[in-house]
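Below: the structure, in C-alpha cells.
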Amino acid sequence: MTAPGTSPPPPQWGQRPSPPSPPPQSLRNGLGVASLVLGIIGVLCGLIPLLFWAAGILAVLALVFGCIGIGRARKGRADNRAVAIWGTSLGVVAAILAVIGLAITVSVVNDTVDELHSTGGKKDSSAGGVSRSDALRFGEAFTYDDGVQVTVARPAPYQPGSYALGHAQGKKALTVKITVVNGSDKTVDLDLTTVTFKDADGAEAEKVFDGDLPRELAGKLQPGKQSVATYAVSLPADAARTLEVQVEPGVFTYDSESWSGAVK
C-alpha cells in the first residue's frame, strides 16, 4: 500500500500498465440538445396559427427532454445545462403560442360557422292585408336575430315605357319597394341579396328593366343605416291575382323570407 498523497509506484518490468480511466460522460447531454432543437422548431410552428397542433406536440417534447437534461446536469452527468434550460424555455414559449393559435383557430371557425348558418328572426304583425299562411303580409317587417330588418311594401301598379325590357303587352306590371334597415352592429353586404318574384301560379315572374328600374339592393349597409330599393315586375294576366316576394339579404347568412298578398 502507498501512503496517502504519494503517487503509485511505477509498474514492474514486464507488467502491462493499467488502462487509462474512461473519459467522463459530462460532455454528453443529447436530450438537452434535442430539447433546444425541438423548442426552436416549436416556436416557429407556433407563429403560424394553423400549425398550433405541431407547436403543441413539439412543446411537450421540448419540455420533457429539457427537464431530463437539466436533471442530468444537476447529477453531474452532463455539463451543458444551459442548453437544456434554453430548450425548456423555448418549449414553454411554443406551448403558449400553441394555445394562442388554438384560440385563434377556434374563433375563426366559430365565426365562419355563424356566417354559414342562416339567421332566424321574427315578424312584426302590425300590417294588415291578405297573405298566404306561410308568408308575411305586404307592409309587414321581419327582424332577424341580429337586428337586420326587412320590409316589403304593397305592390303598386306601374306603366313601363315603350322600350322596357321584360314586359309584354297584356301583362300586368307592378313596382315593389323593399327596405332594409341594418339594426345590427356589423356591416351588411347587400350585394349578396337575392330577390325573387312569383305569380299566383307559383311561377317566377320576370323583372322589368325600364329606365332606372330596378333599383336593386346593393353595396355595404353600415350599422344604423337603411337602404331602399324599387323593383319592377311583370305578371301574366291570368296569374296576376297575387304576388309573392322572396327576399334573402345575404347568401348563407340570412333565411329567405317571403311576403305575399293580393294585387289590385
Side-chain angles (χ1 to χ4, degrees), residues 29-75 78 80-124 141-150 180-194 217-227 247-257:
N29 192 1
L31 292 178
V33 176
S35 173
L36 178 62
V37 174
L38 293 173
I40 293 174
I41 299 176
V43 170
L44 294 177
C45 292
L47 296 176
I48 305 175
L50 292 179
L51 295 181
F52 69 89
W53 56 272
I57 295 174
L58 295 173
V60 172
L61 294 176
L63 289 171
V64 172
F65 291 165
C67 291
I68 296 176
I70 294 174
R72 292 185 52 164
R74 287 178 178 175
K75 296 178 181 179
N80 55 350
R81 181 181 179 184
V83 175
I85 293 176
W86 271 104
T88 304
S89 301
L90 291 175
V92 173
V93 174
I96 295 174
L97 292 176
V99 173
I100 295 175
L102 174 61
I104 294 175
T105 303
V106 171
S107 176
V108 171
V109 171
N110 288 337
D111 290 343
T112 303
V113 171
D114 291 340
E115 291 181 0
L116 291 178
H117 282 291
S118 297
T119 302
K122 58 184 179 180
K123 63 180 180 178
D124 176 14
F142 183 89
T143 304
Y144 290 93
D145 291 339
D146 62 353
V148 174
Q149 186 182 82
V150 180
V180 179
V181 178
N182 186 3
S184 70
D185 57 356
K186 297 181 180 179
T187 300
V188 177
D189 188 0
L190 294 181
D191 290 331
L192 302 177
T193 300
T194 58
L217 293 168
K220 308 293 185 180
L221 185 60
Q222 301 298 324
K225 302 295 183 179
Q226 73 172 17
S227 179
V247 181
E248 187 175 4
V251 179
F252 304 123
T253 305
Y254 298 94
D255 289 334
S256 176
E257 295 300 329

Closest non-hydrogen atom pair between A62 and G39, with its separation: CB-N, 3.7 Å
Shortest non-hydrogen contact between G42 and A94, atoms and distance: C-CB, 3.6 Å
Side-chain donor/acceptor of T105 to backbone N/O of G101, under 3.5 Å: yes
Smallest separation among heavy atoms of L31 and F65, with atom names: O-CB, 3.5 Å
Atom pair CD1 (I85) and CD1 (I70), whose distance is rounded to the nearest 0.5 Å: 5.0 Å
Atom pair CG/OG of D145 and S184 - distance to nearest 0.5 Å: 11.5 Å
Distance in Å, L44 CG paired with L97 CG, rounded so as to fall on 0.5 Å steps: 10.0 Å
Residue pair L217 / S227: nearest heavy atoms and the distance that separates them: CD2-OG, 3.7 Å
A95 versus A59, closest heavy-atom pair with distance: N-CB, 3.4 Å
Heavy-atom side-chain contact between V180 and V188 under 4.5 Å: no
Whether D191 side chain and A218 backbone form a donor-acceptor pair below 3.5 Å: no
From I40 atom CD1 to C45 atom SG, the distance as rounded to the nearest 0.5 Å: 12.0 Å
Backbone of Q222 reached by a side-chain donor or acceptor of N182 within 3.5 Å: yes
Donor-acceptor pair, side chain of D255 and main chain of E257, under 3.5 angstrom: no
Expected output: side-chain Y254 to main-chain T193 donor-acceptor under 3.5 Å: no
Exam field: side chain T88 to backbone A84, donor-acceptor pair closer than 3.5 Å: yes
Inter-residue atom distance L58.CG - S35.OG, 0.5 Å rounding: 11.0 Å
Heavy-atom check, side chain of R81 versus side chain of R74, under 4.5 Å: yes
Flag side-chain contact, heavy atom, 4.5 Å: V247 against S256: no
Rounded distance (nearest 0.5 Å) linking atom OH of Y144 with atom CD of Q149: 11.0 Å
